[in-house]
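For reference, the structure is listed below as structure tokens.
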Amino acid sequence: MSVFRTFEAEIAKAVAALAAEGVLPAGLDTKNIVVEPPRDPSYGDLATNAAMVLAKPAGKKPREIADALVAKLKKDARVTAADVAGPGFINLRLDSTVWQAELRSAIQQHARYGDTTIGAGAPVNVEYVSANPTGPMHVGHCRGAVLGDVMANMLAKVGFKVSREYYINDAGGQIEVLARSTHLRYREALGESITIPEGLYPGDYLKPVGEALAKRDGAKWRDAPEADWLPAMKAAAVDAMMALIRDDLAALGIRHDVFFSERMLHQSGAIPAAIADLEKKGLIYVGTLEPPKGQKPDDWEERPQTLFRATQFGDDVDRPLKKSDGSFTYFAADIAYHRDKYLRGFARMIDVLGADHAGYIKRVKAAVAALTDRQGELDVKTCNLVKLLRAGEPVKMSKRSGDFVTLRDVVDEVGKDVVRFIMLTQKPESALDFDFAKVTEQSKDNPVFYVQYAHARIRSVLRRAATEAPGVPTDAAALAQADLARLTHPAQAALMKIVAQWPRVAEGAALSHEPHRIAYFLYDVASAFHALWNQGTEAPEHRFLGGGDPEITKARLALIQGVAAVLASGLAVLGVEPVEEMRG
RNA sequence: GUCCCCGUAGCUCAGAUGGAUAGAGCACAGGAUUCCUAAUCCUGGGGCCGGCAGUUCGAAUCUGCCCGGGGACACCA
């Protein structure tokens, strides 16, 4: 449990005690009380808004409550100072042993530091990527891929039981296009010369699929009617494309637990079952929709449709479940898919989608609310575009000619770690610039480098300690026993407190589904470390290996080992490797 | 026309679910080197948080109406 959580509990206890004494009314809600680092470190170590939150329900002045709480909190031996400030903030200063204990636990737990059980093993389903299996992954997919993956990592870290899921859109019209394109490549493999008409996929990646089919089936499908070969082409092509996609994902360090096929949903009867479910709740009817305002599609016709009452659950219009030819819409299948997740035990679901799907969110949420009688919880995260730049100039991409930038191109050029980290350097709702020149630059303009460099510096010092400070141990077990009271420099104490913030940050990021907070925090940690480092360049006696006294050196090594633990722990959540050295 | 995102320093962006004097990086001006080297650090200037109302002890954060930028709007996936 983080220091902050610990004191949240202490404050709740103090509130209960005051209630028992009749100073405060009984049964006050303490859930809005937060304990956080104060804006200005000179105020103290911890700040809480407790008195202000309780003022209204208790019918008392904030300062009055604050004074009462302070009196209670001062009795805690760990609290060395407690006072009231501003409109009613309570600022606490903690004994240094509290922070020392936290540092020891960081050293001992290393990459597992920050793991908590707050998720209590509750299942969470994170669906991400879900790119159409019609070709290799496009660079546009990688932001959502990283976002979803890191979200899954974070949730696992704080104790949820996470399932990473990929929804294979293998049932729609684009799969038929893929199958026809594959058939052409198949004929090409049999010796025909082909031209690829407009509307089919021109990419070379279908060539091996055609060749494999020619080898396996011979000329069997060459002159057969389309209806005969279509299923075989579909199956082979989808399998091959999914293999490509899995490879692409692996290059990004991503592995899903479940690949869920939309086609299976159609074949299993799950869609009518889901609709029947909604029908029982009186949420299905036949009606006609208003034509869309604005640009009206050319082929718009007014006709009665099978509709889901999405408006009862916050959507703008009711949504059709069947197309004009009687088959189910994509949304109908998606309803069945989310119902399936819920029936598999996932009351918590997260979908990561592209920003162009933003208009889709309300209806899926409506469907989940309807299907689960509002028991299921779906969070949909959308992520905006990634603008590729090369030294400031936009990279031209033309989908039509097939020369788009693939995810693999980018990963091969700059590396998995850079891609993953940079994708999280901005909150997902805003567009992100990805400049090849900048992200591989070795300067503090490049946050990946900056954080990696901090870790490398620490590792370097620890390696060097063997020769420069023989007799001082550098293994975690020994460092955890160091006399941390020897850390007397204010910057050292400050860094120790930053280390202790990691569990709180990890938890906050996980519960709010905001991975970018971790990237920003790691940058701050690195920054504090680099600053301390430079204390040593100006005053050699402040160097980690320059204290003179072996006990001092040991304490300093313990401190940076703790910093390394936070960096390793945080980078592990981001799926980025902490590096040992960066020379060269 | 409706809906969804975005608008914070010259530029690129954080801002923890309503808190204290709004923060970083880049750029600009000055200074400090070699425990991973100036690959880093320190100091400094720089803001009507798009605008106007409202909610309350308190708003960059919540509500409403505007302005500007992006995206989506039966049947595609």
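Because the structure is predicted, anything quoted here is derived from the model rather than measured.
- A:Tyr330 comes within contact range of at least one nucleobase, with a heavy-atom separation under 4.0 Å.
- Here, B:U56 and B:G51 have their C1' atoms 22 Å apart, quoted to the whole Å.
- With centres under 5.5 Å and a plane angle under 30°, the ring of A:Trp533 is stacked against the base of B:C35.
- Using cut-offs of 30° and 60° for the angle between ring planes, the A:Tyr337 and A:Phe260 rings count as tilted.
- Closest contact between the side chain of A:Arg504 and the listed nucleotides B:A14, B:C35, B:A16 involves B:A16.
- Within the 4.0 Å cut-off from OP1 or OP2 of B:C75, not a single side-chain nitrogen or oxygen of A:Arg303 is found.
- Looking at A:Asn132 and A:Thr134, their side chains never bring a donor and an acceptor atom within 3.5 Å of each other.
- Here the side chain of A:Lys427 is nearest to one of B:C6, B:A14, B:C36, namely B:A14.
- Of all nucleotides listed (B:C75, B:G71, B:A20), B:C75 comes nearest to the side chain of A:Pro320.
- Centre separation under 5.5 Å together with a plane angle under 30° does not hold for the ring of A:Tyr450 and the six-membered base ring of B:A39, so they are not marked as stacked.
- The two residues A:Val129 and A:Met137 make their nearest non-hydrogen contact at CG1-CE, 3.6 Å.
- Dashed line: the shortest gap from a side-chain N or O of A:Arg556 to OP1 or OP2 of B:C35 is not under 4.0 Å.
- Listed candidates were B:A16, B:C76, B:A74. Nearest to the side chain of A:Val505 is B:A16.
- Residue-level contact check: A:Gly546 touches neither bases nor backbone, having no heavy atom under 4.0 Å from any strand.
- Between A:His357 and B:C4 there is no side-chain N or O to OP1 or OP2 distance below 4.0 Å.
- Between A:Gln305 and A:Tyr43, it is A:Tyr43 whose nearest contact on RNA chain B lies nearer the 5' terminus.
- Nearest to the side chain of A:Lys323, among B:C75, B:A32, B:C35, sits B:C75.
- Closest to the side chain of A:Ser512, from the set B:C41, B:U17, B:A14, is B:U17.
- Side-chain nitrogen and oxygen atoms of A:Arg517 include none within less than 4.0 Å of the OP1 or OP2 phosphate oxygen of B:A16.
- Contact check, A:Ser324 against B:C75: no side-chain N or O comes under 4.0 Å of OP1 or OP2.
- Listed nucleotides: B:A32, B:C42, B:A14. Nearest to the side chain of A:Ala531: B:C42.
- Here the options are A:Leu424, A:Val448, A:Val146, the test is side-chain contact (heavy atoms from CB on, under 4.5 Å), and the partner is A:Leu574; only A:Leu424 passes.
- Atom C1' of nucleotide B:C57 and atom CG of A:Asn49 are separated by 14 Å, given to the nearest angstrom.
- Note: A:Tyr360 and A:Tyr330 have tilted aromatic rings, judged against thresholds of 30 and 60 degrees for the angle between ring planes.
- Looking at heavy-atom distances under 4.0 Å, A:Ala171 makes no contact with the nucleic acid at all.
- Of the candidate nucleotides B:A39, B:U17, B:A77, B:A39 has the atom lying nearest to any side-chain atom of A:Gln442.
- Going from the P atom of B:C26 to that of B:U21 covers 28 Å, rounded to whole Å.
- Ion pair A:Arg517/A:Glu514 flagged as a salt bridge, since at least one NZ, NE, NH1 or NH2 atom sits closer than 4.0 Å to an Asp/Glu carboxylate oxygen.
- A:Ala310 and A:Arg319 make their closest contact through CB-CG, 4.1 Å (heavy atoms, listed as atom of the first residue, atom of the second, distance).
- Taking the charged nitrogens against the carboxylate oxygens, A:Lys234 and A:Glu176 do have a contact shorter than 4.0 Å, which makes a salt bridge.
- Residue A:Asp524 contributes atom CG, which lies 12 Å from atom C1' of B:A16 at whole-angstrom precision.
- At a threshold of 4.0 angstrom between heavy atoms, the contacts of A:Ser430 are confined to the sugar-phosphate backbone, with no base atom among them.
- Taking the six-membered ring where tryptophan is involved, the planes of A:Phe331 and A:Phe308 are tilted, since the angle between them lies from 30° to 60°.
- Secondary structure note: stems in RNA chain B built from 3 or more consecutive Watson-Crick or G-U wobble pairs under 3.5 Å occupy B:1-7 with B:67-73, B:10-13 with B:23-26, B:28-32 with B:40-44, B:50-54 with B:62-66.
- The phosphate of B:A20 (OP1 or OP2) has no side-chain N or O of A:Ser42 nearer than 4.0 angstrom.
- Atoms CG (A:Asp433) and P (B:G70) sit 15 Å apart, rounded to a whole Å.
- A distance of about 37 Å separates the C1' atoms of B:A72 and B:A27, rounded to the whole Å.
- Separation of the P atoms belonging to B:A59 and B:G71 is 35 Å when rounded to the nearest angstrom.
- Note on A:Glu581: a base of the nucleic acid sits closer than 4.0 angstrom, heavy atoms only.
- The base of B:U40 sits within donor-acceptor range of the side chain of A:Asn534, with an N or O pair under 3.5 Å.
- Note on A:Lys341 versus A:Glu127: salt bridge recorded, some NZ/NE/NH1/NH2 to OD/OE distance being below 4.0 Å.
- In this structure, A:Leu532 atom CG and B:C35 atom C1' are separated by 12 Å, rounded to whole Å.
- Checked for salt-bridge contact, A:Arg63 and A:Asp67 miss the test: no charged N lies under 4.0 Å from a carboxylate O.
- Using P as the reference atom, B:G69 and B:G45 are 35 Å apart when rounded to the nearest Å.
- Within the nucleic acid shown, A:Gly508 has no heavy atom closer than 4.0 Å to any nucleic acid atom.
- With hydrogens and angles left out, the side chain of A:Asn91 and the base of B:A20 share a donor-acceptor pair within 3.5 Å.
- In this entry the base of B:U8 is anti relative to its sugar, with a glycosidic angle more than 90° from 0.
- Distances were taken from every side-chain heavy atom of A:Glu301 (C-beta onward) to each of B:U40, B:A74, B:A14; the shortest belongs to B:A74.
- Remark: the separation of the P atoms in B:G31 and B:C35 is 23 Å, to the nearest Å.
- Computed from coordinates, the A:Asp315 CG to B:C73 P distance equals 14 Å when rounded to whole Å.
- Among all heavy-atom pairs drawn from A:Pro87 and A:Pro62, the shortest one is O-CB, 3.5 Å.
- Distance check on atom C1': B:C42 versus B:C11 gives 23 Å, rounded to whole Å.
- Between A:Gln426 atom CD and B:C6 atom P the separation is 12 Å, expressed in whole Å.
- No engagement by A:Lys61 is indicated, since no non-hydrogen atom pair under 4.0 Å with the nucleic acid exists.
- Distance, A:Phe529 CZ to B:U40 P: 13 Å, rounded to whole Å.
- Nucleotides B:G50 and B:U33 place their C1' atoms 45 Å apart, quoted to the nearest Å.
- For A:Arg363, the listed nucleotide lying nearest its side chain is B:C75; candidates were B:C5, B:C75, B:G25.
- With rounding to whole Å, A:Phe449 atom CZ is found 13 Å from B:C26 atom P.
- Between A:His542 and A:Phe521, it is A:Phe521 whose nearest contact on RNA chain B lies nearer the 5' terminus.
- A:Glu507 comes within contact range of no nucleotide atom at all, as no heavy-atom separation falls under 4.0 Å.
- Within 4.0 Å (heavy atoms only), A:Arg543 reaches at least one base atom of the nucleic acid.
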